[in-house]
Amino acid sequence: MNYLEGLNQPQQDAVKHSNGPLMIIAGAGSGKTRVLTYRTAHLIEKGVDPFQILLLTFTNKAAGEMRQRVEKVIGNDAKNLWMGTFHSVFAKILRFDGKHLGYTSDFSIYDTDDSKSLIRSIVKERGLDDKIYKPNVVYNRISGAKNRLIGPDEYVTNPIIAADDVAAKLPEMGKIYKIYALRCFQANAMDFDDLLYNTNILFRDHPAVLDKYQRKFKYVMVDEFQDTNVSQYLIVKKLSDISQNLCVVGDDAQSIYAFRGASIDNILNLEKDYPNMTTIKLEQNYRSTQNIVEAANSIIAKNKNQLKKTVFTENEEGSLIELVKASSDNEEGRLISTHIFESKMNLGLRNTDFAILYRTNAQSRTFEESLRKLNIKYRIIGGLSFYQRREIKDLLAYFRYTINQNDEEAFKRIINLPKRGIGDTTIAKLTITAAEQQIPIWEVIANIKQYQTGRLSDTIEGFADLIKSFKIMVDSKKKDAYEVASHIAKSSGLLKELHEDKTVEGLSRYENVQELLNSIKQFVDDPDTGVEEKNLNTFLQTVSLMTTADQDDPDGDNDRVTMMTIHGAKGLEFNHVYVVGMEEDLFPSQMMLQSRQDLEEERRLFYVAITRAEKKLVMSYAETRYQWGRLKPCEPSRFLDEIDPKYLQFAKNIRKAVEDTQRLPQGFVKMSNREQKMPDFGTSNNPTPTNILIQRPNVARPQVVGNTYKPSSDFAPSDTKNLAEGDRVEHLKFGFGKVKKIDTNGTDRKATIQFEGSIGEKTLLLSFAKLRIL
DNA sequence: TGTGAGGCCGTGGGT
DNA sequence: CGGCCTCACA
């Protein structure tokens, strides 16, 4: 039990507690993952069979990290733990027992895009206006209902919901929900919410099944419990009903996902459901300086809806929180980038020590530009994940359709891809025939000659034969997942089509598909994924629930400043943290306040942002900001007033001083105007940096070539007339380079550019290239 | 079938 | 403004 050493008393209590309900309230930076890991190890050491322990997380990443850490402590036994995300664990259970609800074990999983696409079809088919019945809105309402365990039948009969829908001017919602649920069922598909909803239904209607799992899982643990929704909570509650060995870990102060259905009441009211519950509070913060911890406390203290706790630290006092005022969003970018540059110089830090956190993704642009100008490498977390990319979804749709021909969304994606001349009209005809004959569309396609003759029937037969041949390949089990997948990628024509596309986008699409195939190879070769049979079906099952990109940078250079939304930063920590855009209506977000009237969740979000910082916290705001083309005046965020001013100071280390004191929030001091001296470079302590400021000539606004890519203020299709061999250029993604060769080929004009660094040579079609001539 | 002009919309995000 | 989508037109 040597791992108990180095744990503080509450941490030890939590690790040693093994029977009965337990709630661990873990403040930011209090070592909650450690406690969870050791508690698991402790249970196993006391003789609990790893097969009887269920450990639930929210993200694949968290699950992966947890598994690694548990493995380190207890070794091979960790493989036998049931550990994973809510969705993956219950998808597994539904593959075993979904037959009780009418699903086969190879049901498809619809991701958000599939769901919205299905909703769009339904709205159109019913002749409704998709400007009113926006797929996004409809999806969120259906999702909200499922998360509260309201099925379609209850939804249509509940007068309160009906009234609410009428008030929202969406009277047809109930009908859409009903059809949506039916279509998913007919497609043998579940959306993300169904994985939880159906598990609840399964446990409710089939007591024998519930009993089986209640006996199996003697110990249930939930990480990030503050983010569970009602549906998830009811599952864990049912599972631990007999054993009562439910252990949840969370921090109500970091509950920031109410907008997508998480219920903070789950953690606030847990004691009502479990009167015998032990509550342990982890209040010592090991991450941040005193100033940061106390400033964070002073913010969260304003919230009424919370559990009482006092987070403290024994770390050094640290420096004050710096406040940067900028005159515009562009200047904010420059000031922050300069601050990073100078901190790097003065403190000898690496790029990875810094993070810029913002409220909305749209704010990243000015920081990108200013960091690039200082030659500081950055990476942006967020945006489209790997598995959401078109080309990846296309290939996965082929896999899905090969395995499940009822998968309507997969069918829609691939029927005319690559182009076969099967358009909307043909699909409509097929659908009508299928409805008339009361058979699935696949039956019509597979036997098309019985129903239809003519030119198109040959094409359709060709498609059907293609799928049939894939199916035979999968069913024969002679080839592994990688061989089948490469075969499908090739014979479907997808790979060929991408290979012929020589634009930058085309190249990267081709590379992405190759990367997907590589990951399938890895899946096949990896001996310990815990998957028994490595076929296409099992790969698809794992991959359907993998949605985050988490890929390292392709060029292997991982020393980068991290930029992301505050939501994305939960669970991470950085030496220096910049919380930018501290303006009223932006943070706290105006929409959040209008639609949810929930200032407290915004405040918790601010708490999360502050507590990411280990040593230094800098906040900035701009007095004006470009928004949708207009320059908008901004007020400093009310959150700045809420921090005790004794923790704040104006930034000293930035070269451009702030002058105006007029609109300073109360209690702020005016900062001095002194110019920061640049360090003396070239001494032994301070070697000349290679990446010092780049002087850039003024460039005339580039000519617009077509509107495929509209020009932004700085990057645009280059002036194809003026670009010449030998020119120095800057590319939005690849950075700086030199034009080696220019080819004109019909209307296409291509430039081969040698880029600096490890990027190498790229040939770009100039009408798509995001280039600037230097 | 592909292109380009014009319209619309704009929060947060894992599964 | 910028990204995405649609629709008209070649």
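Owing to the predicted nature of the structure, the values given are computational and were not obtained by experimental measurement. Values reported hereafter were calculated over all heavy atoms of this structure, with side chains retained and with hydrogens, waters and symmetry mates removed. A note on names: the letters A, B, ... follow the listed sequences, proteins ahead of strands, and every chain is numbered from 1.
- Look at CD on A:E601: it is 12 Å from P on B:dG13, rounded to the nearest Å.
- With sequence neighbours excluded, no residue forms a ring-ring contact (aromatic ring centres under 6.0 Å, His included) with A:Y358.
- What separates CD1 of A:I566 from C1' of B:dG12 is a distance of 10 Å, to the nearest Å.
- With B:dG10, B:dT15, B:dG12 as the choices, the nucleotide that has an atom nearest any side-chain atom of A:K134 turns out to be B:dG10.
- Here B:dG13 presents its P atom at 8 Å from CZ of A:R359, a figure rounded to the nearest Å.
- Taking only side-chain atoms of A:R260, from C-beta outward, the nucleotide of B:dT15, B:dG14, B:dT11 with the closest atom is B:dG14.
- Applying the 4.0 Å criterion to OP1 and OP2 of B:dT15, one finds that A:N229 has every side-chain N and O outside that range.
- Put simply, A:T85 has no side-chain N or O that comes within less than 4.0 Å of OP1 or OP2 on B:dG14.
- In this model, a side-chain donor or acceptor of A:T112 finds a partner on the base of B:dT15 within 3.5 Å.
- Atoms CD1 (A:I256) and P (B:dG12) sit 13 Å apart, rounded to a whole Å.
- For A:A262 against A:Q226, the heavy-atom pair with the smallest separation is CB-O, 4.2 Å.
- For the residue pair A:D191 / A:Y139, no side-chain donor-acceptor distance below 3.5 Å is found, with atom types taken as modelled.
- Distance A:K124 NZ to C:dT6 P: 6 Å, rounded to the nearest Å.
- In this structure, the CG atom of A:N136 is 10 Å from the P atom of B:dT11, given to the nearest Å.
- Applying the 4.0 Å criterion to OP1 and OP2 of B:dT15, one finds that A:N60 has a side-chain N or O inside that range.
- Taking atom CG of A:L605 as the reference point, atom P of B:dG12 lies 11 Å away to the nearest angstrom.
- Considering only residues two or more places apart in sequence or on other chains, A:Y133 meets the side chain to side chain donor-acceptor pair (under 3.5 Å) condition with none of them.
- Rounded to whole angstrom, the span from the CG atom of A:N140 across to the P atom of B:dT11 amounts to 13 Å.
- For the 3.5 Å distance criterion, the side chains of A:E331 and A:S328 fail to qualify, holding no donor opposite an acceptor.
- The side-chain ring of A:Y257 is not stacked on the base of B:dG13, judged by centre separation under 5.5 angstrom and plane angle under 30 degrees.
- When distances run from any side-chain atom of A:H567 to the nucleotides B:dT15, B:dG12, B:dT11, the shortest one goes to B:dG12.
- Using a 4.0 Å heavy-atom distance criterion, A:T360 is classed as a sugar-phosphate-only contact.
- Between A:S589 and A:Q232, the residue anchored nearer the 5' end of DNA chain B, judged by the nucleotide with its closest heavy atom, is A:S589.
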